[in-house]
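Excluded from the calculations below are hydrogen atoms, water molecules and symmetry mates; all remaining heavy atoms, backbone and side chain alike, are included.
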Amino acid sequence: MGGVCREVLTLQLGHYTNFVGTHWWNIQDAALCYDLDHSDPHSEINNNVLFREGQTLRGQPTYTPRLILLDLKGSLSSLKQEGDLYGVSQVEPALTWKGSLTVHREDPVAKNQFLQQLNRLGGEAHSGNVTSTASQREERSVAERPLDLSQGAQRLENSVRVWSDYLGVHLHPKTISLIQQYNHSSTSNRFEAFGFGEKLMRDPAFLDDFEDRLHFYIEECDYLQGFHVLCDLQDGFAGLSSKVVELLNDEYGGKAIFTCGFAPTTYSDTGPGATVYRLLNSIMGIVHLSSHSSVFCPMSLDRGFLELKQGSPVSFPHVIYDASLSYHSSALLATALETLSIPYRLQSNATSLTQLTDSLSVSGRKVVTASAAVPFAVRDTEALPDVLAEQRGALPWTLLSSCGEVKDARCFAQSVVSRGIGREQQVSNLPPGVKGPSVLHSCPTGEDVLNTFLHSHFPAAMSAVHLVQTPCKVTTPYPQFFSGSFNKRGQLTGGRVPSVSAMESIPVLTALQSTAATYSVLHTLHRQVSRLNLQRFGTFFAAGTELDDFREVLEELRTLAQCYRTNFELDDDSDEE
């Protein structure tokens with residue numbers, strides 16, 4: 001690309017999505033290390049794709065996410081909406097009243113131990129004071145390395161209430177936008193219906209503010225390759241996100257839009273009415289977001305989040321997490337997002353975001369699934385061919401999209417990324433002339449190993465593979481919920497006693513796939529909701545969605561499902577009505 005930055009602008013819409021996004025930016029920020037050890041291949045990833053350089057009012061260099069973040073009023077806890085990086089403060093309104101005046105001020109929200117320690121470090125531990133070029137990073141002395149945050153901040157489970165409680169990066173004043181019409185903690189006027197989100201984009205004041213933030217970031221880009229739209233799928237943010245994606249598609253039609261719709265693993269309201277509301281929002285979101293995005297990927301650790309029945313949490317072989325904690329579940333989704341987005345963030349041989357989305361969305365199949373192995377368990381004495389050969393016909397990752405397991409080789413296209421495995425471990429370490437236990441052991445490169453493995457499972461699929469040596473950083477404030485005997489680099493050591501030291505990084509394997517299994521999920525979702533008496537949910541439609549319009553969306557969902565249908569599926573449309 002000749003040194004072109006290829007910027008991507010990220011939009012985060014929704015409270016749970018901001019849990020995911022906070023972990024995602026923290027993971028990236030942790031990789032912005034200034035260690036003088038050049039054996040760490042941190043230069044593989046071009047951080048300028050998602051981060052932007054700037055200056056404070058005092059001329060200090062800054063490095064902040066290229067991000068617009070939306071949430072409800074009351075969701076920031078101790079975080080200022082304008083941030084504290086640029087010293088911006090809200091201007092007090094001019095007073096014309098001549099009489100007596102009484103001022104009532106709320107006490108500031110107490111910060112947890114992690115944020116207190118972060119403040120004491122004066123910003124040195126995160127990207128607010130990052131120098132702007134690779135050469136400057138390498139020239140920093142050992143004395144200038146970021147200070148350790150691990151002491152006293154290892155367990156945040158009991159202190160995290162909102163996503164800002166573990167935010168470790170500085171944000172630009174143009175980043176955070178709060179929706180003042182709804183309160184995060186309200187139990188009455190809740191932002192729970194698709195129509196509420198659509199109405200917001202018709203509010204001139206809200207739209208002007210959003211477009212001002214959007215144009216601020218876009219106008220400073222040299223070569224904008226596209227957008228990330230990360231959003232809550234099962235509440236009013238689905239409607240808001242649909243209008244945002246429609247606006248982006250209208251104004252920047254040549255740019256790729258990669259949209260992810262997130263849902264938490266558990267909800268406080270588990271009644272049947274609330275479950276139906278969430279499904280209605282999901283259907284509206286899936287249809288509208290996939291229509292205006294380049295690709296759309298639903299992601300959740302709840303196996304049944306696109307069904308009427310209660311689902312069980314996704315399990316990972318080496319992770320013991322609390323599914324009821326958004327702080328935990330969002331960390332796993334953020335780890336997957338950080339790895340699957342690597343192909344268009346590489347320093348060299350990068351795939352553009354447009355190329356990636358086009359390869360996955362052939363024949364109108366814009367809904368894709370995500371899977372991940374977190375961590376991708378590799379013993380320190382093993383190589384990649386050993387690990388894949390041990391799968392014995394199984395796939396090495398866990399599905400994150402509630403779109404059915406991929407069976408019978410029915411995968412149309414896929415993008416698979418492996419990270420954190422050194423080049424010497426990517427191929428077999430058997431002596432020359434010694435025959436390995438599988439064909440994978442004779443492959444000359446890691447790319448050949450992974451391609452051969454994928455071809456054995458999906459011989460007809462178009463596959464793109466990327467192997468990067470850079471591991472995924474999991475330092476504080478990432479939760480330490482890993483089980484087993486791992487060393488600090490996330491490798492299995494083979495010992496029987498679990499490691500007492502915290503893991504600093506882990507290997508990860510992810511897959512973005514367009515599969516025929518999506519047909520079954522979309523078809524079942526259409527059938528279940530079609531059988532409901534929708535008139536019983538009048539408050540949902542009173543929010544702004546017409547019943548006839550929803551029925552049209554249901555038909556569009558059925559049409560979308562047909563895009564994934566193959567000869568393997570039986571004709572079961574007859575029982576829909």
**Q** Quick check: does any side chain N or O of Asp165 sit under 3.5 Å from a backbone N or O of Arg161, one acting as donor and the other as acceptor?
**A**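 Confirmed, Asp165 side chain pairs with Arg161 backbone.
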**Q** Name the one of His457, Gln414, Gln513 that satisfies side chain to side chain donor-acceptor pair (under 3.5 Å) with Ser463?
**A**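 So the option named by the test is Gln414.
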**Q** Would you please indicate yes or no on a ring centroid separation below 6.0 angstrom for Trp397 and Phe376?
**A**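 When the ring centroids of Phe376 and Trp397 are compared, they turn out to be at least 6.0 Å apart.
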**Q** With rounding to the nearest 0.5 Å, note down the distance linking CG in Leu306 to CG in Leu522.
**A** 8.0 Å
**Q** Donor-acceptor pair, distance only, cut-off 3.5 Å: does the side chain of Asp302 make one with the backbone of Gly304?
**A** yes
**Q** Just do the side chain to side chain contact (heavy atoms under 4.5 Å, CB included) check on Asn183 and Asn189 with the steps written out, would you?
**A** CA-CA 8 Å; Asn183 196 297; Asn189 184 27; over 6 Å; no
**Q** What are the two closest heavy atoms between Phe316 and Ala372, and how far apart are they?
**A**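 Between these two residues, the closest heavy atoms are CE2-O, 4.0 Å.
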**Q** Please give me the minimum heavy-atom distance between Phe537 and Phe541, naming the atom from each residue.
**A** O-CD1, 3.2 Å
**Q** Nearest 0.5 Å, what's the CZ-CG distance between Arg190 and Leu72?
**A** 12.0 Å
**Q** Distance to the ring centre below 6.0 angstrom and angle to the axis at most 45 degrees; does that hold for Lys366 and Phe412?
**A** no
**Q** Are Pro375 and His318 close enough that some pair of their side-chain heavy atoms sits under 4.5 Å apart?
**A**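 Counting from C-beta outward, Pro375 and His318 do come under 4.5 Å.
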**Q** For the residue pair Ile342 and Ile45, establish whether any side-chain heavy-atom pair is separated by less than 4.5 Å.
**A** yes
**Q** For the residue pair Leu400 and Leu332, establish whether any side-chain heavy-atom pair is separated by less than 4.5 Å.
**A**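 They are not in contact (no side-chain heavy atoms under 4.5 Å apart), so the answer is no.
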**Q** For Arg66 and Val49, indicate whether the former's side chain and the latter's backbone hold a donor-acceptor pair under 3.5 Å.
**A** yes
**Q** Looking at His455, I'd like to know if its NE2 atom is crowded, meaning that more than 12 non-hydrogen atoms belonging to other residues, nucleotides or ligands lie closer than 6.0 Å.
**A**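 Incorrect, the count does not exceed 12.
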**Q** Name the residue from Leu69, Thr10, Leu13, Leu11 that meets the side-chain contact (heavy atoms from CB on, under 4.5 Å) definition with Leu230.
**A**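 Going through Leu69, Thr10, Leu13, Leu11 one by one, the side-chain contact (heavy atoms from CB on, under 4.5 Å) with Leu230 is satisfied by Thr10 alone.
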**Q** Do His292 and Ile257 make a side-chain contact, defined as non-hydrogen atoms from C-beta onward lying under 4.5 Å apart?
**A**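 Of all side-chain heavy-atom pairs linking Ile257 with His292, none is under 4.5 Å.
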**Q** Which one of Tyr166, Tyr321, Trp163, Tyr478 satisfies the ring pair (Phe, Tyr, Trp, His ring centres under 6.0 Å) criterion with Tyr327?
**A** Tyr166
**Q** Tell me whether Thr339 contacts the main-chain N or O of Ala336 through its side chain, where contact means a donor paired with an acceptor under 3.5 Å.
**A** no
**Q** Say whether Thr259 and Ser293, considering side chains only, have a donor N or O and an acceptor N or O under 3.5 Å apart.
**A**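 Judged by distance alone, the side chains do pair up.
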**Q** Test Val169 against Asn26 for side chain to side chain contact (heavy atoms under 4.5 Å, CB included), laying out the working first.
**A** CA-CA 7 Å; Val169 299; Asn26 285 344; 4.1 Å; yes
**Q** How long is the straight-line distance from CG of Leu279 back to CG of Leu308, given to the nearest 0.5 Å?
**A** 5.0 Å
**Q** Should the ring pair Phe19 and His15 be called parallel, tilted or perpendicular, given that the plane angle runs from 0 to 90° and is split at 30 and 60?
**A**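 Correct class here is perpendicular.
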**Q** Tell me if a side-chain donor or acceptor on Asp212 pairs with a main-chain N or O of Asp208 at a distance below 3.5 Å.
**A** no
**Q** Atom CZ of Arg202 and atom CG of Leu207: how far apart are they, to the nearest 0.5 Å?
**A** 11.5 Å
**Q** For the residue pair Leu333 and His23, establish whether any side-chain heavy-atom pair is separated by less than 4.5 Å.
**A** no
**Q** Could you tell me whether a side-chain N or O of Thr175 sits under 3.5 Å from a main-chain N or O of Leu67, the two making a donor and an acceptor?
**A** yes
**Q** Can you name the nearest heavy-atom pair linking Tyr564 to Ser514, along with the distance?
**A** CE2-OG, 4.0 Å
**Q** Under 3.5 Å, is there a donor-acceptor pair between the side chain of Ser241 and the main chain of Ala238?
**A**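 No; judged by distance alone, with no hydrogens or angles, the pair does not exist.
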**Q** Can Phe550 and Phe194 be said to form a ring pair (Phe, Tyr, Trp, His ring centres under 6.0 Å), step by step?
**A** CA-CA 11 Å; Phe550 182 80; Phe194 190 91; 9.2 Å; no
**Q** Looking at Arg345 and Glu338, is there a salt bridge between them, counting it only when a charged N and a carboxylate O are closer than 4.0 Å?
**A** yes
**Q** Determine whether the aromatic ring centres of His184 and Phe191 lie less than 6.0 Å apart.
**A**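 Here the rings of Phe191 and His184 have centres that are no less than 6.0 Å from each other.
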**Q** Pair Asn281, Phe540 - check side chain to side chain contact (heavy atoms under 4.5 Å, CB included), show working.
**A** CA-CA 9 Å; Asn281 287 322; Phe540 177 87; 3.2 Å; yes
**Q** Taking all non-hydrogen atoms of both residues, which atom of Gln12 and which atom of Asn18 are closest, and how far apart?
**A**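 Reported closest heavy-atom pair: NE2-OD1, 2.9 Å.
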**Q** Locate the shortest heavy-atom distance separating Ala323 from Thr266; write the atom from each residue and the value.
**A** O-OG1, 3.7 Å
**Q** Please report the C-alpha distance between Phe227 and Tyr252 in whole Å, then the side-chain angles of each, then the deciding distance to 0.1 Å, and finally whether the ring pair (Phe, Tyr, Trp, His ring centres under 6.0 Å) criterion is met.
**A** CA-CA 10 Å; Phe227 302 90; Tyr252 308 97; 5.7 Å; yes
**Q** For residues Tyr182 and Phe196, establish whether the separation of their ring centroids is below 6.0 Å.
**A** yes
**Q** Could you check whether any side-chain N or O of Ser401 sits under 3.5 Å from a backbone N or O of Ala370, counting only pairs where one atom can act as donor and the other as acceptor?
**A** yes
**Q** Do Ser415 and Leu340 have side chains that get closer than 4.5 Å, going by heavy atoms?
**A**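 Counting from C-beta outward, Ser415 and Leu340 never come under 4.5 Å.
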**Q** Under 3.5 Å, side chain of Arg419 to main-chain N/O of His466, donor-acceptor pair present?
**A** no
**Q** Hey, are the side chains of Glu307 and Ser282 touching, using non-hydrogen atoms and a 4.5 Å cut-off?
**A** no
**Q** What's the spacing between Ser520 OG and Arg565 CZ if we round to 0.5 Å?
**A** 11.5 Å
**Q** Should Gln234 and Tyr16 be marked as a side-chain hydrogen bond (donor to acceptor under 3.5 Å, both in side chains) after you check the CA-CA gap, both sets of side-chain angles, and the distance that decides it?
**A** CA-CA 10 Å; Gln234 298 197 314; Tyr16 184 72; over 6 Å; no
**Q** What closest approach, in Å, do Ser315 and Arg303 show between heavy atoms, and which atom pair accounts for it?
**A**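 So the minimum-distance heavy-atom pair works out to N-NH2, 3.7 Å.
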**Q** Are Cys297 and Leu512 close enough, and set up right, to give a side chain to side chain contact (heavy atoms under 4.5 Å, CB included), and what steps lead you there?
**A** CA-CA 9 Å; Cys297 181; Leu512 269 180; 4.1 Å; yes
**Q** Considering only heavy atoms from C-beta outward, does the side chain of Leu534 approach that of Leu280 to under 4.5 Å?
**A** yes
**Q** Counting only N and O atoms by type, is there a donor-acceptor contact under 3.5 Å from the side chain of Gln225 to the main-chain atoms of Ser352?
**A**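 The answer is no, because no donor-acceptor pair under 3.5 Å joins these two groups.
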**Q** What is the distance from atom CZ of Phe206 to atom CD1 of Ile179, rounded to the nearest 0.5 Å?
**A** 5.0 Å
**Q** In plain terms, say whether Asp203 and Lys199 are close enough for a salt bridge, that is, a side-chain N and a carboxylate O under 4.0 Å apart.
**A** no
**Q** Run the side-chain hydrogen bond (donor to acceptor under 3.5 Å, both in side chains) test on Tyr519 and Thr566 for me, step by step, so that the C-alpha distance in whole Å, both residues' side-chain angles and the decisive distance to 0.1 Å come before the verdict.
**A** CA-CA 9 Å; Tyr519 167 78; Thr566 68; over 6 Å; no
